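Both backbone and side-chain heavy atoms feed into the values below; hydrogens, waters and symmetry mates do not. Given the structure is predicted, the values throughout are model-derived calculations rather than measurements.
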Amino acid sequence: MSHLGLIHLDNKKYKEAIKLFDQALDIREFYLNERHIDCASSLSNLTKVHIMMGEFKGALTYCKKVITILEDKLPLYALEAKEMIDTHELLIEILKE
């Protein structure tokens, strides 16, 4: 679902992308848990689509959740450090608006 969401995002079909990213997040939260590192990926996608739509409050909400998950998991998931940095950069862009 995430891959389909990214295709819709690339084609600027934001509502369809949000729907697919939300579904991916729901499935991951159900089968893994809401603090699992894979949920950060779905939340990051939701952050991106909200930024592209100009919905910065929504983006900030998702961005904070991503950061919280990655800060908890960073010692175990050092490879996700790049995603954390990207997310912090998105947060800075949101705060500039």
**Q** Could you walk me through whether Ile27 and Tyr31 pass the side chain to side chain contact (heavy atoms under 4.5 Å, CB included) check?
**A** CA-CA 6 Å; Ile27 291 167; Tyr31 286 103; 3.8 Å; yes

**Q** Looking only at atom types and distance, does a side-chain atom of Arg28 sit under 3.5 Å from a main-chain N or O of Asp38, one as donor and one as acceptor?
**A** yes

**Q** Just by modelled atom types, is the Ala40 backbone N or O under 3.5 Å from a matching donor or acceptor in the Ser44 side chain?
**A** no

**Q** Check His36 against Ile69 and note the closest heavy-atom contact, atom names and distance.
**A**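 Here His36 and Ile69 meet closest at O-CG2, 3.7 Å.
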
**Q** Is it the case that one hydrophobic cluster holds both Met52 and Leu43, taking links as side-chain heavy atoms less than 4.5 Å apart, direct or via other members?
**A**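 Yes, one cluster joins them.
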
**Q** Counting N and O atoms only, with roles assigned by atom type, does the side chain of Thr61 sit under 3.5 Å from a partner on the main chain of Lys57, one being a donor and the other an acceptor?
**A** yes

**Q** Can you list the steps and then say if Ser2 with Ser41 is a side chain to side chain contact (heavy atoms under 4.5 Å, CB included)?
**A** CA-CA 9 Å; Ser2 293; Ser41 176; 5.6 Å; no

**Q** Which value, rounded to the nearest 0.5 Å, describes the distance between Ser42 atom OG and Leu46 atom CG?
**A**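 Those atoms lie 7.0 Å apart.
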
**Q** Answer with yes or no whether the hydrophobic clustering places Phe21 together with Phe30; edges join I, L, V, M, F, W, Y residues whose side-chain heavy atoms lie under 4.5 Å apart.
**A** no

**Q** Quick one: ring-ring contact (aromatic ring centres under 6.0 Å, His included) partners of Tyr62, sequence neighbours excluded?
**A**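 If we apply the ring-ring contact (aromatic ring centres under 6.0 Å, His included) test to Tyr62, skipping adjacent residues, the hits are His50.
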
**Q** Say whether Leu20 and Val49 are linked into one hydrophobic cluster, either directly or through other cluster members, by side-chain heavy-atom distances under 4.5 angstrom.
**A** no

**Q** Just distance, no hydrogens or angles: give the donor-acceptor pairs under 3.5 Å from side chains in residues 5-13, sequence neighbours left out.
**A**
from  : atom 1 : to   : atom 2 : distance (Å)
Asn11 : ND2    : Ile7 : O      : 3.0

**Q** Could you grab the distance from atom SG of Cys39 to atom CD of Glu34, nearest 0.5 Å is fine?
**A**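 One gets 8.0 Å once the value is rounded to the nearest 0.5 Å.
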
**Q** Please determine whether side chain to side chain contact (heavy atoms under 4.5 Å, CB included) holds for the pair Ile51 and Thr47, giving the CA-CA distance in whole Å, both sets of side-chain angles, and the decisive distance to 0.1 Å.
**A** CA-CA 6 Å; Ile51 288 172; Thr47 300; 4.0 Å; yes

**Q** Taking only residues at least two apart or on different chains, which pairs with a member in residues 14-27 satisfy side chain to side chain donor-acceptor pair (under 3.5 Å)?
**A**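 Side chain to side chain donor-acceptor pair (under 3.5 Å) check on residues 14-27 returns no pairs.
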
**Q** Check the hydrophobic clustering (I, L, V, M, F, W, Y; side-chain heavy atoms under 4.5 Å; chains of links allowed) and say if Ile37 and Leu25 are grouped together.
**A** yes

